[in-house]
Amino acid sequence: MRARHHAIIASVATGAALELVVGAIGGRREAWDSALYWSAGLPAALAAAAAIGYFAGRRWWYWTGLIVPSQVTVMMLRTGEIGGLWPLMVVLASVLGTPFLFAAFIASRFRPRG
């Protein structure tokens, strides 16, 4: 049970950090408008997803699906643009979040069974 909570917290924190850190360093209103988001932010978040998948017990790797929705939610709250585009956000977050699920799943296969 605790591993699940840790996976959830780590995934949400990774998404929030992705938006806040890259947004601050990249100097853009939204993190994904910065080249840094695509060149460093997403690869770092992908590595975090793999680590979460490796360290999470059982099947808790699937909580890494929260990384991109968390990032987009923080972006919308930070910019104050919570409006009619939320359905598009759900679709976009699903597409962008898929690699995180794959990375976490693959890393979970390397976890020693015990």
Side-chain angles (χ1 to χ4, degrees):
M1 184 80 139
R2 190 174 7 190
R4 179 180 67 174
H5 290 127
H6 289 158
I8 293 169
I9 291 168
S11 295
V12 170
T14 298
L18 178 61
E19 176 64 27
L20 296 173
V21 172
V22 173
I25 294 172
R28 301 289 183 139
R29 185 164 185 243
E30 297 171 354
W32 59 26
D33 287 339
S34 169
L36 187 62
Y37 177 85
W38 304 99
S39 65
L42 282 183
L46 195 63
I52 293 166
Y54 181 82
F55 290 109
R58 298 188 183 177
R59 294 182 169 209
W60 306 131
W61 57 266
Y62 59 77
W63 288 105
T64 57
L66 292 174
I67 292 174
V68 176
S70 298
Q71 181 256 317
V72 173
T73 301
V74 169
M75 177 197 67
M76 292 173 77
L77 290 171
R78 189 171 64 88
T79 61
E81 292 186 10
I82 301 173
L85 292 178
W86 69 266
L88 180 61
M89 182 275 303
V90 170
V91 172
L92 181 61
S94 298
V95 171
L96 285 177
T98 304
F100 298 104
L101 289 170
F102 283 128
F105 173 74
I106 291 168
S108 74
R109 301 293 115 195
F110 289 101
R111 181 180 170 88
R113 307 284 183 227

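Position 1 is the first residue of the sequence, and the numbers go up from there.
In the hydrophobic clustering of ILVMFWY residues, with side-chain heavy atoms under 4.5 Å counting as a link, Leu96 and Leu20 come out apart. Both Leu66 and Leu101 are assigned to one and the same hydrophobic cluster, defined by single-linkage of ILVMFWY side chains at heavy-atom distances under 4.5 Å. Follow the hydrophobic side-chain contacts under 4.5 Å out from Leu77 and you reach Ile67 in the same cluster. By the rule that hydrophobic residues join a cluster once side-chain heavy atoms approach within less than 4.5 Å of another member, Val95 and Leu88 end up as members of separate clusters. Residue Phe102 is not grouped with residue Leu42 when hydrophobic side chains (ILVMFWY) are merged at heavy-atom distances under 4.5 angstrom, including chains of intermediate members.
Using a distance-only test at 3.5 Å, with no hydrogens or angles considered, a donor-acceptor pair links the side chain of Arg78 to the main chain of Arg29.
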### Query
Which is it for Val22 and Trp38 under the side chain to side chain contact (heavy atoms under 4.5 Å, CB included) test, yes or no, and what are the steps along the way?
CA-CA 10 Å; Val22 173; Trp38 304 99; over 6 Å; no

### Task
Evaluate side chain to side chain contact (heavy atoms under 4.5 Å, CB included) for Val72 paired with Leu92, printing each intermediate quantity in order.
CA-CA 9 Å; Val72 173; Leu92 181 61; 5.6 Å; no

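The minimum heavy-atom distance linking Trp61 with Arg109 is given by the pair NE1-NH2, 4.2 Å. Nearest heavy-atom pair across Ala7 and Ala56 is CB-CB, 4.2 Å. Residue Ala50 comes nearest to Ala107 through the heavy atom pair O-CB, 3.0 Å, listed as atom of the first residue, atom of the second, then distance. Taking each heavy atom of Ser70 and Ala16 in turn, the nearest pair found is CB-N, 4.4 Å.
To the nearest 0.5 Å, atoms CZ (Arg2) and CH2 (Trp60) are separated by 14.0 Å. Atom CG of Leu36 is separated from atom CD1 of Ile25 by 6.0 Å, given to the nearest 0.5 angstrom. If you take CD on Glu30 and OH on Tyr37, they are separated by 10.5 Å, rounding to the nearest 0.5 Å. Taken to the nearest 0.5 Å, the CG atom of Leu18 stands 11.0 Å off from the CG atom of Leu46. Rounding to the nearest 0.5 Å gives a distance of 11.5 Å between OG1 of Thr14 and CD1 of Ile9. Interatomic distance, CZ of Arg4 versus OH of Tyr62, reported as 7.0 Å (0.5 Å rounding).
Residues Pro112 and Tyr54 form a side-chain contact, since some pair of their non-hydrogen atoms from C-beta on lies under 4.5 Å apart. Counting only heavy atoms from C-beta outward, the side chains of Gln71 and Trp32 approach each other to under 4.5 Å.
The neighbour count for Arg59 CZ, taken as heavy atoms of other residues, nucleotides or ligands under 6.0 Å away, does not exceed 12.
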